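Notes follow the structure.
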Amino acid sequence: MLKSKGSTAREKQVDMIGQVPPEALLLAIEAAEAGPQISDLEDAPLLQNWFFIKREGDAIRAEGDLSGHPTISDPWVTTSPVIGFHYDFGTSKGWLRSFSRWYRLGAVCEVVGDIPGPEGAVGRALAATAARLETHRNIWREGAQRKCITP
């Protein structure tokens, strides 16, 4: 990881990937950008009543009501960093790719008094998050490729 005193903002963003092996990160980024195969979602955990969070110095993560996870029985989860997602307001369904796995998305958390659909506050927030994740993927890809070239 890049820890130099004079790290740039881009280098600090790369640090957020933690101990993920660069090859695994590159594969996860490629998978998120391509979107899931049907088989990726068949047994994927389901997140309901979900939303995105971002704490200072951390990557974007999702929180929500969880069911069907193979190792987590807690009904509420915070995912590993999110790499990509797609959500359809019409069907209230979608998918999410975190560093560690695929998730099926059910209904997004409602905002009291919000206009439903992509034109409301939730829709605008999801669009902004998607744009930010694209930037993160580019930064992570660059950092992972650099690590693959010079261990």
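This chain uses plain numbering: 1 for the first residue, then up along the sequence. Everything numeric here is computed off the predicted structure, so don't read it as measured data.
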note = With Phe85 as partner, the option from Tyr103, Trp95, Phe52 fulfilling ring pair (Phe, Tyr, Trp, His ring centres under 6.0 Å) is Phe52
task = Please say whether more than 12 non-hydrogen atoms of neighbouring residues, nucleotides or ligands are located less than 6.0 Å from CZ in Arg101.
result = yes
message = Test side chain to side chain contact (heavy atoms under 4.5 Å, CB included) on Arg132 and Ile60; report intermediate values, then the result.
response = CA-CA 9 Å; Arg132 180 175 251 177; Ile60 295 169; 3.5 Å; yes
Pairwise distance CD(Gln37) to CH2(Trp102) - rounded to 0.5 angstrom = 8.5 Å
query = When you look at Leu25 and Phe99, which way does the side chain to side chain contact (heavy atoms under 4.5 Å, CB included) test go after all the steps?
reply = CA-CA 7 Å; Leu25 177 60; Phe99 279 178; 3.7 Å; yes
query = Would Glu63 and Arg55 pass as an ion pair if we require N to O under 4.0 Å?
reply = yes
key: Atom of Ala28, atom of Arg97 and distance for their closest heavy-atom approach   = CB-NH2, 3.7 Å
Donor-acceptor side-chain pairing of Ser98 and Thr79 below 3.5 angstrom = no
inquiry  = Distance check, rounded to the nearest 0.5 Å: Arg104 atom CZ versus Leu47 atom CG?
reply    = 9.5 Å
key: More than 12 heavy atoms from other groups under 6.0 Å of CD on Glu110   = no
message = Could you check whether atom CG of Asp43 has more than 12 heavy atoms from other residues, nucleotides or ligands sitting under 6.0 Å from it?
response = no
query = What pair of heavy atoms forms the shortest contact from Leu96 to Ala62, and how long is it?
reply = CD1-CB, 3.7 Å
task = For Cys148 and Pro22, work out which heavy atoms get closest and say how close.
result = SG-CB, 3.6 Å
inquiry  = By the definition salt bridge (Lys or Arg N to Asp or Glu O under 4.0 Å), identify the one residue from Glu33, Glu30, Glu23 that meets it with Arg141.
reply    = Glu33
